[in-house]
Amino acid sequence: MVRLTMDLIAKNAGHKNRSEEDFGQYVQKLTHLNLSDKNIDSIGDLSFCRNLRVLYLYDNQINQIQNLDFASNITHLYLQNNRISSIENLSPLKKLEKLYLGGNYITIVEGLDKVGELRELHIESQHLPPGEKLLFDPVSLNSLAKSLSVLNISNNNIDELEELAVLENLSYLKAVDNRLKHMKDLEGVLKKWTKLRRIDLTGNPICQKPKYKDRIIVQSLTLESLDGKEIQEMERRFLMNWKASRAARKKSNERKTDEQAANVEFCKQSVFEAPYFTIPLHPSQSVKEKKEKPDFLDLAHKQKGERKPLPRVRERRSQVKTQVEEESEATT
């Protein structure tokens, strides 16, 4: 295996036959160093490279981040596709802005609490144990809350984004080929990412949800690109109007439902609270006496059928009858 040393730098830079003084001056002025794909397995002493700004060490066999105490001026560090299992020893890199760690063996995003200027973190496609997902240390996330603007966490079995909501300045999130599936969780995070411009969730189960695209566009008013496709302002305006109209109809229906429920309740109360009218009884009359009181109409009809003539009337009728009979006999 190969160790990253000054000799390797000299060999790579073509200074093999030059004097040590010339080489010393060369490395002190060096700002960019590309030692990718050199089968390097460890980082040695690079203390002479004090002006180094960009260091390319991707596609090697490096298993530990170390010996970067000299690198206080490094802004870009490329360590993707190595064998790194832990993020460590980065505190001397006070000016670090971009960190590339994709394709390693990292299981926890940590060790970034001292890197206060980091703007981009690329940690996609880690070689995780079966069934495991990439985890995030809250301390590191809080330290990156105000600085980080670009985050690539693709292909890491991630199933939720809630813990990343603290990244208030995030403008681009790439989370392709994960396990995100809950729309409400995503909408909750989008509310807090008020500076988000681009998001790519291609390959997640959530992409199959009904109206997935529409709901994201309506929720994130700053979003300019979704899953690699530009969002048209006319499209957003249409969806916003549709949402407002739908909300108004829902509110109207709820109000009608409330009014109907109130009317039903009022009717129920009216039925149960209505006064009962009773016929007052004479003070000296008991209920039993009232029930036994005869019906005057029926009594009148009964008396009419059974009524007998008065004595004078009977006498007059008898006289008339006798007179008629006498006249009849005289005629005969």
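Keep in mind that the numbers below use all heavy atoms, side chains included, and drop hydrogens, waters and symmetry copies. Only a predicted model underlies this, so the values are computations on that prediction, with no experimental measurement involved.
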*Asks:* For the hydrophobic clusters of this structure (ILVMFWY residues joined by side-chain heavy atoms under 4.5 Å, transitively), does one cluster hold both V166 and I199?
*Replies:*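 Both belong to a single hydrophobic cluster.
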*Asks:* For a 4.5 angstrom cut-off between non-hydrogen side-chain atoms, does V54 reach I74?
*Replies:*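 In short, these two side chains do not touch, never coming nearer than 4.5 Å.
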*Asks:* S220 side chain to I216 main-chain N or O, any donor-acceptor pair under 3.5 Å?
*Replies:*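 Checking the backbone N and O of I216 against the side chain of S220, no donor-acceptor pair under 3.5 Å is found.
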*Asks:* Distance only, no hydrogens: is a donor on one side chain within 3.5 Å (strictly under) of an acceptor on the other, for N60 and N82?
*Replies:*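 There is no such pair (donor and acceptor under 3.5 Å, judged by atom type) between the side chains of N60 and N82.
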*Asks:* Could you point out which residue of E230, R197, E233 forms a side chain to side chain contact (heavy atoms under 4.5 Å, CB included) with E224?
*Replies:*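 Exactly one option meets the side chain to side chain contact (heavy atoms under 4.5 Å, CB included) with E224, and it is R197.
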*Asks:* I65 vs I84, test: side chain to side chain contact (heavy atoms under 4.5 Å, CB included). Steps then yes/no.
*Replies:* CA-CA 7 Å; I65 303 173; I84 299 170; 3.9 Å; yes
*Asks:* Going hydrophobic residue to hydrophobic residue with side-chain gaps under 4.5 angstrom, can you get from L164 over to V150?
*Replies:*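 The answer is no; the residues belong to distinct hydrophobic clusters.
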*Asks:* Does CD in E162 sit with more than 12 non-hydrogen atoms of other residues, nucleotides or ligands closer than 6.0 Å?
*Replies:*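 Open.
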*Asks:* Determine whether L8 and I40 make a side-chain contact, defined as any pair of heavy atoms from C-beta on separated by less than 4.5 Å.
*Replies:*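 The answer is yes, as the side chains (C-beta and beyond) meet within the 4.5 Å cut-off.
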*Asks:* I need the F48 CZ to Q28 CD distance, nearest 0.5 Å.
*Replies:*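 Atom-to-atom, F48:CZ and Q28:CD are 7.5 Å apart.
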*Asks:* Between the side chain of W193 and the main-chain N/O of L173, is any donor-acceptor distance below 3.5 Å?
*Replies:*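 Checked: no pair found.
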*Asks:* Determine the minimum heavy-atom distance between Y105 and Q126, stating which atoms define it.
*Replies:*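 Nearest pair, atom of Y105 first, then Q126: N-OE1, 3.3 Å.
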*Asks:* Rounded to the nearest 0.5 Å, how far does CG of L35 lie from CG of L57?
*Replies:*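 Going from CG on L57 over to CG on L35, the span is 6.0 Å.
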*Asks:* Are L96 and T75 packed together at the side-chain level, in the sense that at least one heavy-atom pair is separated by less than 4.5 angstrom?
*Replies:*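 No, too far: nothing below the 4.5 Å cut-off.
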*Asks:* Provide the closest heavy-atom pair for R3 versus I43 in the form atom of the first, atom of the second, distance.
*Replies:*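 Of all heavy-atom pairs spanning R3 and I43, the closest is NH2-O, 4.0 Å.
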*Asks:* Check E168 with K146, please: is the shortest side-chain N to carboxylate O separation under 4.0 Å?
*Replies:*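 Salt bridge between K146 and E168, a charged N being under 4.0 Å from a carboxylate O: yes.
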*Asks:* Are the side chains of V109 and I123 in touch, meaning some heavy atoms are under 4.5 Å apart?
*Replies:*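 SC-SC contact between V109 and I123 confirmed.
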*Asks:* Output, in order, the C-alpha distance, side-chain angles, deciding distance and verdict of side chain to side chain contact (heavy atoms under 4.5 Å, CB included) for V139 and N142.
*Replies:* CA-CA 5 Å; V139 176; N142 288 327; 5.9 Å; no
*Asks:* What I want to find out is whether R215 reaches E187 closely enough, with some N-O distance under 4.0 Å, to be called a salt bridge.
*Replies:*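 Salt bridge flag = yes for E187 with R215.
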*Asks:* Quick one: do the K95 and N73 side chains pair a donor with an acceptor below 3.5 Å?
*Replies:*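 Side-chain D/A pair, K95 to N73: present.
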*Asks:* Does Y212 share a hydrophobic cluster with V189, counting links as ILVMFWY side-chain heavy atoms below 4.5 Å and allowing steps through other members?
*Replies:*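 Yes, Y212 connects to V189 through the hydrophobic network.
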*Asks:* Which is it for K195 and N169 under the side chain to side chain donor-acceptor pair (under 3.5 Å) test, yes or no, and what are the steps along the way?
*Replies:* CA-CA 6 Å; K195 298 182 180 179; N169 283 314; 2.7 Å; yes
*Asks:* So L79 and L77, do their side chains get closer than 4.5 Å, heavy atoms only?
*Replies:*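 In short, these two side chains touch, coming nearer than 4.5 Å.
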*Asks:* Got a donor-acceptor contact below 3.5 angstrom from the N178 side chain to the T202 backbone?
*Replies:*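 It does not hold such a pair.
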*Asks:* When you compare the side chain of L186 with that of L201, does any pair of heavy atoms fall below 4.5 Å?
*Replies:*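 Side chain of L201 against side chain of L186, heavy atoms only: contact under 4.5 Å found.
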*Asks:* Going by heavy atoms in the side chains, are L90 and L99 under 4.5 Å from each other?
*Replies:*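 In contact.
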*Asks:* Check whether any side-chain N or O of N51 sits under 3.5 Å from a backbone N or O of T31 as a donor-acceptor pair, and report yes or no.
*Replies:*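 Answer holds: no.
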*Asks:* Would you confirm whether S147, through its side chain, and L118, through its main-chain N or O, come within 3.5 Å as a donor-acceptor pair?
*Replies:*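 Flag set: sc S147 to bb L118 pair under 3.5 Å.
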*Asks:* Please report the interatomic distance CD(Q80) to CG(D59), rounded to the nearest 0.5 Å.
*Replies:*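 Nearest 0.5 Å value for the CD-CG distance: 7.0 Å.
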*Asks:* Keeping N155 on the side-chain end and N157 on the backbone end, is there a donor-acceptor pair under 3.5 Å?
*Replies:*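 Here the side-chain-to-backbone pair does not exist.
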*Asks:* Working to the nearest 0.5 angstrom, can you tell me the gap between L226 CG and D200 CG?
*Replies:*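 Output value for this atom pair is 8.0 Å.
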*Asks:* Going by side-chain hydrogen bond (donor to acceptor under 3.5 Å, both in side chains), name the pairs with one or both residues in residues 108-121, residues two or more places apart or in two chains.
*Replies:*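 Every pair satisfying side-chain hydrogen bond (donor to acceptor under 3.5 Å, both in side chains) with a residue in residues 108-121: E97-R119, E120-H122.
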*Asks:* Applying side chain to side chain contact (heavy atoms under 4.5 Å, CB included), run through I153 and V176 and close with a yes or a no.
*Replies:* CA-CA 8 Å; I153 53 173; V176 172; over 6 Å; no
*Asks:* Which ring pair (Phe, Tyr, Trp, His ring centres under 6.0 Å) pairs, counting each pair once, include a residue from residues 57-98, with sequence neighbours left out?
*Replies:*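 Matches after skipping sequence neighbours: Y56-Y78, Y78-Y100.
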*Asks:* Under a 3.5 Å distance rule, please check whether N152 uses its side chain to pair with a backbone N or O of S154 as donor and acceptor.
*Replies:*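 Present.
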*Asks:* Side-chain heavy atoms nearer than 4.5 Å, only ILVMFWY residues, links allowed to pass through others: does that put Y172 and L167 together?
*Replies:*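 Looking at the clustering, L167 is in a separate group from Y172.
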*Asks:* Short question: side chain of D159, backbone of L180 - any donor-acceptor pair under 3.5 Å?
*Replies:*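 Looks like no, no N/O pair under 3.5 Å.
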*Asks:* Could you give the distance from CD1 (I108) to OG (S140), rounded to the nearest 0.5 Å?
*Replies:*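 With rounding to 0.5 Å, CD1 (I108) is 10.0 Å from OG (S140).
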*Asks:* Please check: side-chain N/O of N104 versus main-chain N/O of S86, any donor-acceptor pairing under 3.5 Å?
*Replies:*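 Checked: no pair found.
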*Asks:* So, taking the atom named CZ in R198 and the one named CG in L170, what distance separates them when rounded to the nearest 0.5 Å?
*Replies:*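 One finds 11.0 Å between CZ of R198 and CG of L170.
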*Asks:* Test E160 against every option in K181, H182, K133 by the side chain to side chain contact (heavy atoms under 4.5 Å, CB included) rule and name the one that passes.
*Replies:*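 Going through K181, H182, K133 one by one, the side chain to side chain contact (heavy atoms under 4.5 Å, CB included) with E160 is satisfied by K133 alone.
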*Asks:* Side-chain contact, heavy-atom cut-off 4.5 Å: D227 with C207?
*Replies:*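 In short, these two side chains touch, coming nearer than 4.5 Å.
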*Asks:* Look at the side chain of D41 and the backbone N and O of I62, then say whether any donor-acceptor pair between them is shorter than 3.5 Å.
*Replies:*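 No.
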*Asks:* Mind checking what makes side-chain hydrogen bond (donor to acceptor under 3.5 Å, both in side chains) contact with D177, not counting sequence neighbours?
*Replies:*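 With neighbours one apart ignored, the set is empty.
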*Asks:* Locate the shortest heavy-atom distance separating E124 from N156; write the atom from each residue and the value.
*Replies:*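 Here E124 and N156 meet closest at CA-ND2, 3.7 Å.
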*Asks:* Please evaluate residues L151 and K174 with respect to the criterion side chain to side chain contact (heavy atoms under 4.5 Å, CB included), reporting the C-alpha separation (whole Å), side-chain torsions for both, the decisive distance (0.1 Å), and the verdict.
*Replies:* CA-CA 6 Å; L151 178 61; K174 188 171 184 179; over 6 Å; no
